[in-house]
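Worksheet: one structure, shown below.
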Amino acid sequence: QVQLVESGGGLVQAGGSLRLSCAASGRTFSNCAVGWFRQAPGKEREFVAAIGGSGRSTYYADSVKGRFTISRDNAKNTVYLQMNSLKPEDTAVYYCAADTVATIRIWRESYDYWGQGTQVTVSS
């Protein structure tokens, strides 16, 4: 079992930055790839970024590539999502999710453990 708690969401103006954190407890964290997903009102939950268990490999959705950076600190059991140059279309509830394998997968069905989500609102 893995328990995940997201934090760091909030209201920011377009062009601003936020850093989300995902704190994990339970299963050996370095064995788990972690992904960030987001869900806007009336839309499907979509993949944003993922990082492998060691932290050496990352993958991003095209919509956030070059603006968002995912990283992790396994000593602190925490994954981060640094979001820069935010746009109104980034407004959503952001969820972190942990897989049971260390290699990256981008399909939300692959992830077994989910946090409760944190709201990010970008005003124009």
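All values below come from the heavy atoms of this structure, side chains included, with hydrogens, waters and symmetry mates left out.
- No donor-acceptor pair under 3.5 Å is formed between the side chain of Tyr113 and the backbone N or O of Cys96.
- Side-chain heavy atoms closer than 4.5 Å link hydrophobic residues (I, L, V, M, F, W, Y) into clusters, and following such links, possibly through other members, connects Val12 to Leu20.
- For Arg105 (side chain) and Val101 (main-chain N/O), no donor-acceptor pair under 3.5 Å exists by modelled atom type.
- Rounding to the nearest 0.5 angstrom, the gap separating the CG atom in Leu18 from the CG atom in Leu11 is 9.0 Å.
- Of all heavy-atom pairs between Ser57 and Ile104, the closest is O-CD1, 3.4 Å.
- Side-chain contact between Thr118 and Val93 is absent, with no heavy atoms from C-beta onward closer than 4.5 Å.
- Within the 4.5 Å cutoff, no side-chain heavy atoms of Ile70 are placed close to those of Tyr59.
- The nearest pair of heavy atoms linking Leu4 to Cys22 is CD2-SG, 3.9 Å.
- When the shell of 6.0 Å around NZ of Lys43 is examined, it contains 12 or fewer heavy atoms from other residues, nucleotides or ligands.
- Between the side chain of Asn74 and the main chain of Val79, no donor-acceptor pair closer than 3.5 Å is present.
- When hydrophobic clusters are built by joining Ile, Leu, Val, Met, Phe, Trp and Tyr residues whose side-chain heavy atoms come closer than 4.5 Å, directly or via intermediates, Val64 is grouped together with Met83.
- When ring centroids are compared, Phe37 and Tyr95 stay outside the 6.0 Å threshold.
- Note on Lys87 versus Asp90: no salt bridge recorded, every NZ/NE/NH1/NH2 to OD/OE distance being 4.0 Å or above.
- Using modelled atom types, no side-chain atom of Thr91 and backbone atom of Thr121 make a donor-acceptor pair closer than 3.5 Å.
- Shown are Arg108, Gln39, Arg38; of these, the side-chain hydrogen bond (donor to acceptor under 3.5 Å, both in side chains) with Glu46 is made only by Arg38.
- Under the 3.5 Å distance criterion, the side-chain polar atoms of Glu6 are matched with a main-chain donor or acceptor of Gln116.
- In Tyr60, the OH atom is crowded: over 12 heavy atoms of neighbouring residues, nucleotides or ligands sit closer than 6.0 Å.
- Side-chain atoms of Thr78 come within 3.5 Å of backbone atoms of Lys76 as a donor-acceptor pair (strictly under, hydrogens ignored).
- The cluster map of Ile, Leu, Val, Met, Phe, Trp and Tyr, joined by side-chain heavy atoms under 4.5 Å apart, puts Trp36 and Val120 in the same cluster.
- Applying the side chain to side chain donor-acceptor pair (under 3.5 Å) test to every pair with at least one member in residues 12-26, sequence neighbours left out, gives these pairs: Gln3-Ser25, Ser17-Asn84.
- Going from atom OG of Ser54 over to atom CZ of Arg72 covers 8.0 Å, rounded to the nearest 0.5 Å.
- The shortest non-hydrogen separation linking Ser30 to Ala102 is O-CB, 4.4 Å.
- Under the disulfide bond (SG atoms under 2.5 Å apart) criterion, Cys32 pairs with no residue, sequence neighbours left out.
- Under the 4.5 Å side-chain heavy-atom criterion for Ile, Leu, Val, Met, Phe, Trp and Tyr, Trp107 and Trp114 are members of the same hydrophobic cluster.
- Note on Val34: it clusters hydrophobically with Tyr94, by side-chain heavy-atom contacts below 4.5 Å among ILVMFWY residues.
- Between Leu81 and Phe68, the closest side-chain pair of non-hydrogen atoms falls below 4.5 Å.
- Of all heavy-atom pairs between Ser124 and Pro88, the closest is CB-CG, 3.8 Å.
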